[in-house]
Amino acid sequence: MNTAEFDFSFLEEGFSAKDIVEQKINESSMTDDRDAFYVCDLGDVLKKHLRWARALPRVSPFYAVKCNDSQAVLMTLASLGTGFDCASKTEIQLVQSLGVDPSRIIYANPCKQVSQIKYASTHGVQMMTFDSEMELMKVARCHNNAKLVLRIATDDSKAVCRLSIKFGAQLKACRGLLEKAKELGLDVIGVSFHVGSGCTDSAAFKQAIADARCVFDMGLVLGFCMNLLDIGGGFPGSEDADIKFEEITAVINPALDKYFPVDSGVRIIAEPGRFYVASAYTLVVNIIAKKVLIDDDSASDEEDEGVIDRSLMYYVNDGVYGSFNCILYDHAHCLPTLHKKPKPDEAMYRCSIWGPTCDGLDRIVEQCNLPDMHVGDWLLFENMGAYTVAASSTFNGFQKPDIHYVISRPAWQHVQQIYAQGLPVPAESCTLDVPACCGREKNLEIPSKSPQAHVV
Ligand SMILES: *Cc1c(COP(=O)(O)O)cnc(C)c1O
């Protein structure tokens, strides 16, 4: 048995995650030790889950672990009964260590190492994606009771992060792949796609769902029992995205009803990553150094017109080798929120913001307007839960920020309620005695040891 451990704190009534940010800043400001830190509101993950259920009632989410693999997030989602999209042996291990039944895992990597396919096989993970003949041959050799899902390419030209250049079979290749699967005696149960991460175009979903229907029909003709549609990820995770979640789902739902009506008996799943975690995390960084640049090219006589001929460089204690790797890998544009509200007449300066490492590439913001701040002041970055901590390094010896997990008591109780109402999994298949975040009703009391709850 493996009891996952993570520390979290209950929010006192009337307090929000924002108040905890403030409190941590105050505590930290008493000392010289002003390390960057995160506050993660697990209640926000719950909110997203409820929003998902409301907007996509026919679609079961399988959270994409790569987006943020923190125990706290995974435990919360496991308690809420989501499935998981794992791409590797280690992700499968991690999710199974939380007591998640293998039926709630899809191994959604179309190009897998043979030894890892074997691992899935011996650990009961059957659902897996493929998009090539070679993959079918590997699976036929070492996982003959796999339930295969054919990943098709999509038009992801309007996504922030494209995926269909690397993954997904073209429609014209699908018949051949299905015939090959038949020949090898493999079981194909459905179709998956991913419209690209940070999708800004709901039409891409509509087209992909229609394409999936074509491939379903090919599979049915060949005698496969096609009963799973996986609409992938790509859903926005914060309100500052170019498209609202509900604008996308307003297109998805009618497309599902048209091509995969309820009476078709097809089970529909998705693999949201960003959607669940982006807005739960706020990163708080400290200004560790500052430079003032005098602009040569601003003519001196402009000064009396109020144009300020200085620009500022701020250096903070997390950067692109840490949390802000999302700028390089996830094409993110991160802008800070001020900790101290500027006065209405406060002068603003052209500023750039840099990470702490010695690499010139380590720049967080090329240009933005900020007031004159000092070494020791704080800056906030919101919506930092997706593709941040998951890929950060300690390059140059800069440590990853601590993460303070918080949840309100009503949110915690709501999670417990959903858990108690039952997962689609028989209880005996759960390997945990009392999953840390999955307290049953009798266990609504906070477990004294794991996880440790500190009331703040
Ligand atoms: C990364 C990934 C996801 C998650 O994508 P989001 O855009 O974060 O929702 C889902 N499925 C697969 C196969 C992925 O590679």
Side-chain angles (χ1 to χ4, degrees), residues 45 48-49 51-52 55-56 59-70 73-74 77 82-88 90-92 95 104-112 116 120 125 127-132 135 148-169 190-202 204-205 208 212 228-238 240-245 248-249 252 268-281 325-326 329-332 383-391:
V45 176
K48 288 291 181 62
H49 186 65
R51 189 169 166 191
W52 180 281
L56 287 172
V59 185
S60 311
F62 278 56
Y63 171 70
V65 174
K66 79 167 184 293
C67 184
N68 181 326
D69 65 357
S70 87
V73 166
L74 297 181
L77 290 169
T82 71
F84 293 89
D85 152 5
C86 299
S88 62
T90 309
E91 287 187 356
I92 293 172
V95 167
R104 286 166 63 197
I105 296 174
I106 182 164
Y107 189 178
N109 185 340
C111 301
K112 301 169 280 294
Q116 303 206 358
V125 176
M127 283 196 287
M128 55 182 62
T129 60
F130 76 103
D131 63 2
S132 70
E135 198 70 7
L148 287 158
V149 178
L150 174 48
R151 166 113 169 235
I152 58 172
T154 62
D155 174 6
D156 59 2
S157 55
K158 295 198 187 77
V160 178
C161 306
R162 304 186 68 169
L163 291 168
S164 286
I165 296 167
K166 183 172 178 182
F167 296 118
V191 175
S192 76
F193 59 78
H194 196 306
V195 294
S197 200
C199 176
T200 59
D201 176 24
S202 54
F205 273 101
L228 184 86
L229 172 69
D230 176 356
I231 64 171
F235 308 91
S238 67
D240 60 12
D242 286 344
I243 189 163
K244 226 172 111 74
F245 176 59
I248 294 183
T249 61
I252 290 177
I268 305 167
I269 68 170
E271 302 162 352
R274 191 186 302 285
F275 172 78
Y276 269 97
V277 289
S279 57
Y281 283 66
N325 71 79
C326 57
Y329 296 143
D330 194 35
H331 310 279
N383 303 313
M384 285 291 286
Y387 305 109
T388 50
V389 282

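Atoms within each ligand, like the ligands themselves, are counted from 1 in listed order. Atoms considered below: every heavy atom in the structure, side chains included; atoms not considered: hydrogens, waters and symmetry mates. Quantities reported herein were computed from a predicted structural model and do not represent experimental measurements.
- Ligand 1 places these atoms under 4.0 Å from at least one heavy atom of Arg151: 13 (C).
- Listed by atom number, the atoms of ligand 1 under 4.0 Å from Tyr387 heavy atoms are 1 (C), 4 (C), 5 (O), 6 (P), 8 (O).
- Between Phe245 and Phe275, the angle of the ring planes lies from 30° to 60°, which puts this pair in the tilted group.
- The atoms of ligand 1 that sit less than 4.0 Å from any heavy atom of Ala108 are 13 (C).
- Asn68 places a side-chain N or O within 3.5 Å of a backbone atom of Ser70 that can act as its donor or acceptor partner.
- Remark: ligand 1 atoms within the under-4.0 Å shell around heavy atoms of Pro272 are 9 (O).
- Taking a cut-off of under 4.0 Å to the non-hydrogen atoms of Gly273, the atoms of ligand 1 that pass are 4 (C), 6 (P), 8 (O), 9 (O).
- Heavy-atom contacts of Ser197 reach the following atoms of ligand 1: 6 (P), 7 (O), 8 (O) (cutoff under 4.0 Å).
- The nearest heavy-atom contact from the protein to atom 5 (O) of ligand 1 is His194 NE2, 2.9 Å.
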Open item on the list: Could you walk me through whether Tyr387 and Ser197 satisfy the side chain to side chain contact (heavy atoms under 4.5 Å, CB included) test, starting with their C-alpha distance in whole Å, then the side-chain angles of each, then the deciding distance to 0.1 Å, before giving a yes or no?
Closed with: CA-CA 11 Å; Tyr387 305 109; Ser197 200; 4.1 Å; yes
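- There is a side-chain donor-acceptor pair under 3.5 Å between Lys48 and Ser279.
- The aromatic rings of Tyr63 and Phe84 stand perpendicular to each other, their planes meeting at an angle above 60°, with 30° marking the opposite boundary.
- The backbone N or O of Thr82 sits less than 3.5 Å from a side-chain atom of Arg104, completing a donor-acceptor pair.
- Ligand-side atoms of ligand 1 in range of Arg274: 6 (P), 8 (O), 9 (O), range being under 4.0 angstrom from any heavy atom.
- For the 3.5 Å distance criterion, the side chains of Thr154 and Asp156 fail to qualify, holding no donor opposite an acceptor.
- Below 4.0 Å from some heavy atom of Ala64 lie the following atoms of ligand 1, by number and element: 3 (C), 4 (C), 10 (C).
- If you check each of Lys66, Lys166, Glu271 against atom 1 (C) of ligand 1, the one with the closest non-hydrogen atom is Lys66.
- The backbone N or O of Glu135 sits nowhere less than 3.5 Å from a side-chain atom of Lys112 that would complete a donor-acceptor pair.
- In this structure, Gly232 has no heavy atom closer than 4.0 Å to ligand 1.
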